[in-house]
Every structure is written in C-alpha cells, then in structure tokens.
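Reading through the structure tokens given below for one structure.
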Amino acid sequence: MKNRTLGREGLIVSEIGYGAMGTAIGYGPSDDTESIAAIRQAHDLGVTHFDTAELYGWGVGERLLGNALAPIRDQVTIATKFGFTPTLGRDSRPEHIREVVDNSLRNLGVGTIDLLYQHIPDPNVPIEDVVGVMREYVQAGKVKYLGLSNADADTIRRAHAVHPISALQNEYSIFARGVEPLLPVLDELGIGLVAYSPIARGFLSGAVQHRDSLAADDWRQRVAWWNPENFDANVAIVGELTKLAESKGATVAQLALAWVLAQRTDIVPIPGSRSSARVAENIAAADLVLTAEDLARIAEIAPDGGIIQHA
C-alpha cells in the first residue's frame with residue numbers, strides 16, 4: 001500500500017483508509033468479532049488510517065476500534081470526530097468539545113488522537129472558538145492534527161486561520177460530487193481530502209438491495225438514490241459501470257475506489273466493511289489503474305453522479 005500526505009503538517013496515511021461507522025451504526029446488525037477481524041485484516045493488507053466518531057454508537061464504535069487496534073497502535077493513525085448530539089442536533093460548545101474529546105481518548109484507549117475533526121459545523125458557535133479548543137489539545141500533546149467535516153469554504157478558511165487544517169472529510173464518489181467546488185480552496189490552503197462513502201453507501205458495491213430489503217433503521221432508508229423514482233435509473237448506471245469494471249478484471253466497487261484515487265494525489269477514500277473478504281476487495285482497488293479513456297467513459301455513464309429526482 002502506498003502512502004499519501006494530508007495537509008502540510010506532516011500527516012501521512014495509507015492511500016486507502018478504513019471507515020468504522022458500519023461497525024456500530026447505520027447499516028444493519030453488526031457483529032463485534034466479525035468487525036474486529038475486518039479491521040485487523042485491513043491493517044494486515046496495508047491500511048494504516050482508521051476513522052471513527054463519537055456519533056458511531058456513542059462510544060461503542062470508538063471502544064471497538066480501540067480494542068481492534070490496541071496491539072498495533074504505534075503502526076496506525078486514528079481519527080475521530082465530535083459535534084453531534086444523540087438526536088442528531090449540533091453541539092460544538094467549548095465545554096462539550098472538551099467532554100467529548102476526553103471521552104474519546106478513554107474510549108479509544110489512547111494517549112493521543114492522530115486526527116480530530118469537527119463532525120459538522122455548529123451555527124451557534126463561531127468556528128474560531130471551536131478550533132481554538134481543538135488547538136488546546138494539540139498544544140497539550142493529546143491531538144496531532146486537526147480536520148473539518150461537512151464544512152463550507154468560509155468555515156474552512158476561518159478555521160485554517162486559527163490553526164492549520166490537515167484534512168477535510170466529505171462524501172465523495174462517482175455518485176456524489178458535491179465537494180468538488182471546494183477543491184480550489186483545499187488546493188490554496190494545502191488541505192487534503194478524506195472521502196467518506198466512496199462506494200456511494202453501498203450503491204456501487206455490486207450488491208445493492210432495494211429499500212424494502214433494508215432494516216427500518218438503516219441509514220440508506222433516507223438516501224434519495226434508493227427512492228422509488230430514482231432506484232431503477234441508478235441501478236442501470238451501476239450496470240454500465242460494472243461492464244467497464246469487468247473489462248478491466250475488476251469489480252464495480254474497485255472501479256469506484258480507483259476513480260476516487262485518480263481524482264487527486266491528496267485524497268484518501270475510507271471505505272468501511274464488516275466483511276474481511278470485502279475489505280480485501282476494497283484494498284485491491286489501489287492496484288487498479290484507470291486510463292484517461294476509462295475516466296472519460298465513467299463521465300459519460302454518470303455525468304452528474306447518482307440520479308436524484310423528486311416525485
């Protein structure tokens with residue numbers, strides 16, 4: 001596995017990371033033994049960057065990841081996030097940040113968090129105050145690098161003026177292109193991009209299921225790609241992408257990850273899976289080289305990303 005650099009402060013990670021959300025919430029029933037095996041498989045195959053958050057089970061996901069990585073802590077970087085409430089409200093008050101970060105350190109079982117993100121902007125707290133608290137943890141040696149997630153250009157600029165931001169984490173995939181207008185700002189400030197849901201929340205996995213087959217609490221129930229008016233058209237797009245992938249001896253999930261990697265040299269996708277076999281498939285995408293013709297064909301198949309119409 002090759003490495004990539006995020007930001008200008010020296011954060012070096014594997015070019016494909018691991019997103020641990022699904023080990024705790026969002027994508028149906030989980031099994032801790034299976035999840036730990038998948039995390040350790042990822043590391044065995046070269047992954048050195050692992051991503052979690054307070055939101056992922058309110059400590060459950062962090063404790064699981066910390067347990068899985070404990071034997072190899074010095075070989076990996078760990079990212080976590082703060083900023084949500086259990087009702088999915090927003091809370092980045094300074095006292096709440098301190099409470100969450102202290103809990104995250106305990107849950108992960110680490111003395112230092114490698115990359116700390118604000119998970120989502122809080123309209124009630126100036127970003128300067130938020131990053132000011134995050135900077136305190138850097139100065140105390142309890143956090144190494146800072147990041148933002150789901151932030152706009154103005155927020156990124158104001159945050160970076162307080163303390164260098166190493167990474168922006170946003171959704172990015174063949175199906176989701178919303179972060180692209182922010183790329184010039186990232187280039188200007190020297191900030192890397194961490195792409196969550198690079199396989200489009202599973203729509204590009206090659207095993208997409210109709211909404212009716214998903215659990216009621218599955219987060220994909222709320223994603224418009226699965227809406228009845230959109231589903232068949234998006235499945236058709238995946239069918240064409242699958243043909244291209246198969247022509248290259250790859251799966252459509254590998255094509256999706258290779259596409260993300262091909263967009264920039266400072267982007268790191270963080271696919272997540274509880275399946276060791278799926279983890280191995282995802283990591284093998286690092287060896288898939290897409291030509292200019294391949295990228296052009298993908299642009300023809302999905303010029304605007306996933307289809308979202310409103311009935």
Side-chain angles (χ1 to χ4, degrees), residues 19-30 51 53 55-56 81 83-90 117 119-121 123 148-153 155 168-183 193-245 251-257 259-260 263 267 269-274 278 282 297-311:
M21 175 179 168
T23 65
I25 62 168
Y27 294 96
S30 60
D51 181 276
L55 173 66
Y56 306 161
K81 317 176 197 71
F84 276 106
T85 72
T87 58
L88 299 184
R90 306 181 187 192
Y117 293 99
H119 207 154
I120 194 165
L148 299 175
S149 182
N150 304 301
D152 62 19
T155 300
L168 174 71
Q169 184 175 138
N170 268 66
E171 182 169 8
Y172 192 39
S173 71
I174 292 174
F175 265 31
R177 314 280 182 83
V179 73
E180 290 180 342
L182 294 177
L183 298 182
L193 178 61
V194 174
Y196 73 77
S197 298
I199 306 177
R201 302 175 188 263
F203 216 109
L204 295 169
S205 67
V208 64
Q209 298 176 321
H210 194 275
R211 177 173 284 168
D212 292 345
S213 66
L214 302 176
D217 62 350
D218 192 303
W219 284 35
R220 289 169 290 188
Q221 293 283 3
R222 297 179 289 179
V223 178
W225 296 323
W226 273 266
N227 287 359
E229 66 272 18
N230 304 325
F231 186 76
D232 289 345
N234 285 322
V235 168
I237 290 174
V238 175
E240 291 302 308
L241 293 172
T242 300
K243 292 177 185 178
L244 176 59
T251 67
V252 68
Q254 290 170 336
L255 183 80
L257 288 167
W259 180 89
V260 173
Q263 302 308 301
I267 183 170
I270 51 169
S273 178
R274 301 184 297 262
R278 176 70 76 173
N282 290 344
R297 177 60 183 144
I298 292 169
E300 291 176 0
I301 295 169
D304 301 312
I307 292 174
I308 296 178
Q309 299 177 2
H310 299 285

- Task: Determine whether Val179 and Leu168 make a side-chain contact, defined as any pair of heavy atoms from C-beta on separated by less than 4.5 Å.
- Result: yes

- Message: Whether the side chain of Arg211 engages the backbone of Pro228 through a donor-acceptor N/O pair (distance < 3.5 Å, no angle test) should be reported.
- Response: no

- Correct closest heavy-atom pair for Ala151 and Asn170 would be N-OD1, 4.1 Å

- Which atom names give the shortest non-hydrogen contact between Arg177 and Ala302, and what distance separates them? NH2-O, 2.8 Å

- Item | Rounded distance [0.5 Å steps], CG in Leu55 versus OG1 in Thr85 | 9.0 Å

- Query: Could you walk me through whether Gln169 and Asp51 pass the side-chain contact (heavy atoms from CB on, under 4.5 Å) check?
  - Reply: CA-CA 10 Å; Gln169 184 175 138; Asp51 181 276; 2.9 Å; yes

- Are Trp259 and Phe175 close enough that their ring centres sit under 6.0 Å apart? no

- Message: Can you give me the closest heavy-atom contact between Asn150 and Pro121, atom names plus distance?
- Response: O-CD, 3.4 Å

- Message: Would you compute the distance between atom NZ of Lys81 and atom CG of Leu148 and round it to the nearest 0.5 angstrom?
- Response: 12.5 Å

- Non-hydrogen atoms of Ser173 and Val260 that approach each other most closely: CA-CG2, 4.2 Å

- Query: If we only count heavy atoms from C-beta on, is the His119 to Arg90 side-chain gap below 4.5 Å?
  - Reply: no

- Query: What heavy-atom pair brings Asn230 and Ile307 nearest, and what distance separates the two atoms?
  - Reply: CB-O, 3.5 Å

- Task: Please check if the distance between the ring centroids of Phe231 and Phe203 is under 6.0 Å.
- Result: yes

- Message: Assess the residue pair Tyr196 and Met21 against the criterion (side-chain contact (heavy atoms from CB on, under 4.5 Å)); give the C-alpha distance rounded to whole Å, side-chain angles, the decisive distance to 0.1 Å, and a yes or no.
- Response: CA-CA 10 Å; Tyr196 73 77; Met21 175 179 168; over 6 Å; no

- Roughly how far, to the nearest 0.5 Å, is the CD1 atom of Ile298 from the CD atom of Glu300? 10.5 Å

- Drop me the distance from Asn282's CG to Ile270's CD1, to the nearest 0.5 angstrom. 12.0 Å

- Begin from the C-alpha positions of Val194 and Tyr117 and carry the test side-chain contact (heavy atoms from CB on, under 4.5 Å) through to its verdict. CA-CA 11 Å; Val194 174; Tyr117 293 99; 3.4 Å; yes

- In Å and rounded to the nearest 0.5 Å, what is the CD1 to CD1 distance from Ile301 to Ile174? 8.0 Å

- Spacing of CG belonging to Leu204 relative to CG belonging to Leu255, to within rounding of 0.5 Å: 8.5 Å

- Message: Please determine whether side-chain contact (heavy atoms from CB on, under 4.5 Å) holds for the pair Trp226 and Gln209, giving the CA-CA distance in whole Å, both sets of side-chain angles, and the decisive distance to 0.1 Å.
- Response: CA-CA 9 Å; Trp226 273 266; Gln209 298 176 321; 5.6 Å; no

- Message: To check you understand the geometry: which heavy-atom pair defines the closest contact between Ala256 and Pro198, and what is its length?
- Response: CB-O, 3.9 Å

- Query: Any sub-3.5 Å donor-acceptor pair from Thr242's side-chain atoms to Val252's backbone N or O?
  - Reply: no

